[in-house]
Amino acid sequence: MRALTHNPEETEAAGRQLASTLGPGSVVCLYGGLGAGKTVFVKGMASALGIDPIDVISASFTIIAEYDSSPPLYHMDLYRLEKGEDLEALGLYDYMDGEGITVIEWADRLPAVETEGALRVQINLVSEDTREIIIDVDE
Ligand code: ADP
Ligand code: MG
């Protein structure tokens with residue numbers, strides 16, 4: 001699926017729409033540079049699960065934010081991941097294998113084998129307010 005959005009609200013709506021189709025155990029990998037709109041997209045996903053989007057912030061400093069929705073939402077931001085960091089020890093894979101919905105910003109920091117089968121959301125900056133969103137399955 002490919003769509004253009006023209007403001008943050010439309011990107012948030014795209015996230016909301018995607019999340020409404022997801023069941024427990026889903027993994028969504030987000031790709032796109034700084035300011036692409038990844039966190040905006042996650043806000044939309046969160047709102048579909050009944051979480052106040054205001055509570056969704058850049059998870060950079062915590063790496064994983066866990067929301068007590070049903071199913072739970074696990075929001076990861078791997079931007080500040082150190083090279084050689086032990087991903088296993090951080091518990092990332094336990095979340096991804098769990099019963100919640102996992103959404104990962106900067107998922108390109110993960111080994112490719114770990115994102116196989118996940119939904120891939122690529123957000124491209126087209127102009128100041130326009131974004132291209134491409135959603136497919138990583139296979
Ligand atoms: P990322 O998490 O990818 O680094 P953010 O979601 O934090 O990016 O920020 C995206 C920024 O781009 C926000 O300041 C938002 O207001 C702005 N923006 C402008 N147009 C759009 C759009 N169409 N979709 C998403 N964000 C947009
Ligand atoms: Mg972000």
Side-chain angles (χ1 to χ4, degrees):
M1 189 226 84
R2 177 185 173 276
L4 288 180
T5 66
H6 303 92
N7 52 57
E9 292 71 27
E10 287 182 12
T11 297
E12 204 173 317
R16 197 179 310 123
Q17 201 182 340
L18 178 69
S20 69
T21 69
L22 300 177
S26 300
V27 178
V28 178
C29 293
L30 300 182
Y31 303 91
L34 265 183
K38 300 181 295 300
T39 300
V40 168
F41 191 90
V42 176
K43 284 176 181 283
M45 289 181 63
S47 77
L49 294 167
I51 301 159
D52 188 337
I54 286 177
D55 293 337
V56 177
I57 51 166
S58 175
S60 289
F61 294 99
T62 48
I63 298 195
I64 302 167
E66 195 172 340
Y67 299 89
D68 191 16
S69 46
S70 177
L73 179 69
Y74 309 131
H75 175 203
M76 302 180 189
D77 188 324
L78 306 184
Y79 185 61
R80 286 172 199 283
L81 206 64
E82 307 281 345
K83 264 217 148 48
E85 190 130 27
D86 187 345
L87 299 170
E88 194 86 59
L90 283 171
L92 299 195
Y93 303 137
D94 296 329
Y95 283 102
M96 292 167 75
D97 292 339
E99 290 300 298
I101 293 177
T102 301
V103 59
I104 308 168
E105 296 192 45
W106 298 99
D108 44 309
R109 305 280 203 270
L110 292 178
V113 64
E114 300 295 342
T115 60
E116 269 170 27
L119 279 170
R120 175 167 54 192
V121 178
Q122 171 79 44
I123 307 180
N124 297 320
L125 210 145
V126 177
S127 69
E128 189 176 338
D129 292 318
T130 304
R131 304 293 187 269
E132 178 187 40
I133 302 178
I134 301 165
I135 302 178
D136 61 9
V137 178
D138 188 329
E139 44 191 8

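Applying the side chain to side chain donor-acceptor pair (under 3.5 Å) rule to pairs touching residues 10-23 yields T5-T11, H6-E10, R16-S47, sequence neighbours excluded. Sorted by first and then second residue, the side chain to side chain donor-acceptor pair (under 3.5 Å) pairs involving residues 127-139 (not counting sequence neighbours) are R2-E132, T115-D138, R120-D136, N124-E132, S127-T130. Sorted by first and then second residue, the ring pair (Phe, Tyr, Trp, His ring centres under 6.0 Å) pairs with a member in residues 95-126 read Y74-Y95, Y79-W106; sequence neighbours excluded.
Judged by distance alone, with hydrogens and angles left aside, the side-chain atoms of E114 form no donor-acceptor pair with the main-chain N or O of P111 at under 3.5 Å.
A search for side chain to side chain contact (heavy atoms under 4.5 Å, CB included) contacts involving P8 returns V40, not counting sequence neighbours. Residues forming a side chain to side chain contact (heavy atoms under 4.5 Å, CB included) with D68 (at least two apart in sequence, or on another chain): none. Under the ring-ring contact (aromatic ring centres under 6.0 Å, His included) criterion, Y31 pairs with no residue at all, not counting sequence neighbours. Applying the salt bridge (Lys or Arg N to Asp or Glu O under 4.0 Å) rule to R109 yields no partners; only residues at least two apart in sequence or on another chain are considered. Residues that satisfy the ring-ring contact (aromatic ring centres under 6.0 Å, His included) test with Y67, not counting sequence neighbours, are absent from this structure. Looking at residues two or more places apart in sequence or on another chain, you find a side chain to side chain contact (heavy atoms under 4.5 Å, CB included) between E9 and N7. Every residue two or more places apart in sequence or in another chain was checked for a salt bridge (Lys or Arg N to Asp or Glu O under 4.0 Å) with D108, and none qualifies.
Apart from L4 itself, the hydrophobic cluster it occupies contains V126, where clustering links Ile, Leu, Val, Met, Phe, Trp and Tyr at side-chain heavy-atom distances under 4.5 Å. Applying the under-4.5 Å side-chain rule to Ile, Leu, Val, Met, Phe, Trp and Tyr, the cluster around V113 consists of that residue alone.
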